[in-house]
Each structure stands twice: as C-alpha cells, then as structure tokens.
Protein chains: 2
Amino acid sequence: MNTETNLEHELDAAANWCLQRGEKLTDLRREVLSLLLAHDGSIKAYELLAELQKRKPTAAPPTVYRALDFLLNVGLAHKLGSLNAFVACRELDHTHHHGLMLICDRCRGVHELSDESWAERLAEDAARLGFRLSQQDIEIKGICANCQQVEQAGEA
Amino acid sequence: MNTETNLEHELDAAANWCLQRGEKLTDLRREVLSLLLAHDGSIKAYELLAELQKRKPTAAPPTVYRALDFLLNVGLAHKLGSLNAFVACRELDHTHHHGLMLICDRCRGVHELSDESWAERLAEDAARLGFRLSQQDIEIKGICANCQQVEQAGEA
DNA sequence: TTTCTATTGTTATATTATAACAAAACATTT
DNA sequence: AAATGTTTTGTTATAATATAACAATAGAAA
C-alpha cells in the first residue's frame, strides 16, 4: 500500500467520522485535511494557505481558517496555541478526553499521547480547587528523540 | 497592610529576584510588572500597552513586548499561548519545573498549581517516547469555581 | 420551482508581534 | 571628567496571525 492510497484511506475515514456527527467533509475541507495529514509536524495557517493556493489560486485566509475551524470542531485537527500552528489528529478511534500533545521545540513535530492515566490525577488536583477541566488538548514542550540525536551528533 | 504596599512589596521582591540573576528590574519593567500584578486574570499585550500609555504616552508595542520578554525570561511572568495573553507569576519562591496553569475559559482567570507530583508521571510517559520535556508552563483549560457558580445561578 | 440553509468567495481590517535603526542611559576604563 | 562599550529605550515601519462583513453559489427541503 503506497502513501497515496494510505492518505485516501485516512481521508475516507475522516469523511465517515464527519457523517457520524452529521457534518460533511466537503472537497475544500478534505483538501485542507489532506495537506495537514501530508505534514509530519505542525503547519501554520499561512503555510497551509500557500500550499492550498497551488491547487486553488482563489484561496484566501478565510478559506483556510474556516476549513481549520471546521476540522478543529469536529476533532479532525488540533490547534497548537503555543505555536499558532495546526496538526491533523491521528487518533480518531479512541474516545479521548484530553489529547496530550508533545511538541518538539526544535522541529515543530508533534506526538499525540493517548495514555491518559495521568489525566485523572490532573483532573483531581484541579477539582480540589473547584476547577472543572474542559475537553481540550494539553500542550507539552520538549525535544523529540530524533532532535536529541541530531543535537548529540552536532556536539561530537 | 493595604493593597498598595502589598504591591510594592511584591515589586521589591521581584527586583531582588532579578538581581540574584544578574538582571535589573528597570523602572519600565517594574511598571509593566506592576500592571500585570494588578490584574487578577491574564491580560493581553495591547491591553497592557493601553494601560501603560496612561502613565507613559510614549509607549509603543515594542516597549511592552520587550518588557514582557524580559519578565518571561527571568521567570516573573508567564505567556499563555492559547490565549495570546500574559500573567504575572505569583509563585517565585518554590523551585518550579513545569508551572501548571489552570485557565478559565469564561473569565480568562489563571490559577497556578504548584503541586507537581503529576508532572513526574507525565515526564515518565514522555521519556518512554524518548521525549525530553523542557521547563515550560503547561496550560489547562476549564471553568473556574467562581464561573461555575455564576453559570448555575444563570440556569436557576 | 421556490425557499431555506450551509458553504464558499471576496474585500477589508483587526489583532498580535517583530525588525531595524537611532537615541539615551549606564557602566567601565583611562 | 572623557572616552568607550554595553544595555536599555524610543521610534517608525512592517510582518504574521486571524476575523468581520457581505455577496455569491451550491445543496437540501418544501
């Protein structure tokens, strides 16, 4: 199975995901999601716009922001507030509460953690203050494994 | 002890904090920190600028952003990436690794958690992926106790 | 078809943040 | 004090991020 069919597969799954929620993954939204998925790490809205314009010269900022808003709302993408960047959600299947996004300071890559036992503890601590957590992603910064290796190689 | 002397007390402590790090809390920085401290919740850069201009009409965006950068670097303030807003750090004394910021979706208020036992667990999970956490704040969204009460009152 | 709603197009503008260079303040050495 | 270097602040311009507002189009429902 090559990359292209893999991508189409993911997009079809996303379309289904939308239908189950009474929403539609239109051509435009599908294209934006496709661009998001094609990026390993996160991507910025105006980078996405530039990509989109290659195939759709008419695209303007609202074009991309509206598609992103849709994808965020339906859970197909995440916004990384600390970077003002966006990333496709790769973990559609599990019922996730707080997506934990490990963001690499170096390469802007993102790894989404699905283990959530730590989250319970967190929610307890917050509850002790009367704080009720909303279901949003939590962003953690650091250096990914790959960039740590590059770092060491540079020091050698 | 009234509010004013309390504020001056905090500002003096902040000045000391800077000196210990070989940095200086200049008048300008002190004024910006003062405005940050005067706000319960978080405040946006341009709101801060407007406040600053009341006493210092010459102030421009770089004025406030430079002061904020300084305060962030020396640890006297936090940036909330998800809101593009800023907040004074109220927990100077303890050696904190990852400040946990509970941000209210409603009132933009922030509560800084100092208990960090959950952070160890988090670091372990991340380490399993080879991810090394950097010492940065972690932002958690939700509804604060106060806003929950207001919410209920509205429903009654 | 007609009507209603959702989506997309388009233009303009708001909001957030930084670059670049000049001036002033401050510290250090002579 | 004068000369020098460094840090901080002033100032203008502009970059980067995001949304408002309204027109046009497409799709669904009556």
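Throughout, a chain's letter reflects where its sequence line sits, starting with A, and its residues are numbered from 1.
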Distance check: side-chain N/O of T26(A) vs OP1/OP2 of dT8(C), anything under 4.0 Å? yes
Write down the distance between CG (L48(A)) and C1' (dA16(D)), rounded to a whole number of angstrom. 15 Å
Could you state the NZ-P distance from K24(A) to dT5(C), rounded to the nearest angstrom? 14 Å
Write down the distance between CG (L49(B)) and P (dA14(C)), rounded to a whole number of angstrom. 16 Å
Hey, does the side chain of S134(A) reach the backbone of K141(B) with a donor-acceptor pair shorter than 3.5 angstrom? yes
N16(A), CG: over 12 other non-hydrogen atoms inside 6.0 angstrom: yes
Any side-chain heavy atom of V74(B) sitting closer than 4.5 Å to one from C18(B)? yes
Spell out, as yes or no, whether a donor-acceptor pair under 3.5 Å connects the side chain of R90(B) to the backbone of L37(B). yes
For F70(B) and dT7(D), give me the distance from atom CZ to atom C1', rounded to whole Å. 11 Å
For R29(A) and dT7(C), what is the distance between atoms CZ and C1' respectively, to the nearest whole Å? 7 Å
Would you say a side-chain N or O of T58(A) is under 4.0 Å from OP1 or OP2 of dT8(C)? no
Rounded distance in Å - CG (D27(B)) to P (dG10(D)): 11 Å
For nucleotides 17-21 of chain D, tabulate all protein N/O to nucleotide N/O atom pairs closer than 3.5 Å, reporting atom names and distance.
unit_1: dT17(D); atom_1: OP1; unit_2: K44(A); atom_2: NZ; d: 2.5
unit_1: dA18(D); atom_1: OP1; unit_2: K79(A); atom_2: NZ; d: 2.6
unit_1: dA18(D); atom_1: OP1; unit_2: N84(A); atom_2: OD1; d: 3.4
unit_1: dA18(D); atom_1: OP2; unit_2: Y65(A); atom_2: OH; d: 2.9
unit_1: dA18(D); atom_1: O5'; unit_2: Y65(A); atom_2: OH; d: 3.4
unit_1: dA18(D); atom_1: N7; unit_2: Y46(A); atom_2: OH; d: 2.7
unit_1: dA18(D); atom_1: N6; unit_2: Y46(A); atom_2: OH; d: 3.4

What is the separation between atom CG on L71(A) and atom P on dT7(C), rounded to the nearest whole Å? 12 Å
Of E23(B) and A60(B), the one whose closest nucleotide on DNA chain D sits nearer the 5' end is E23(B)
For the residue pair L100(A) and L122(B), establish whether any side-chain heavy-atom pair is separated by less than 4.5 Å. yes
Are F70(B) and V32(B) close enough that some pair of their side-chain heavy atoms sits under 4.5 Å apart? no
Nucleotide dA24(C), atom C1' - distance to CG of L28(B) in whole Å: 13 Å
Carefully, step by step, assess H39(A) and E47(A) under the rule side-chain hydrogen bond (donor to acceptor under 3.5 Å, both in side chains). CA-CA 11 Å; H39(A) 276 262; E47(A) 291 172 348; 6.0 Å; no
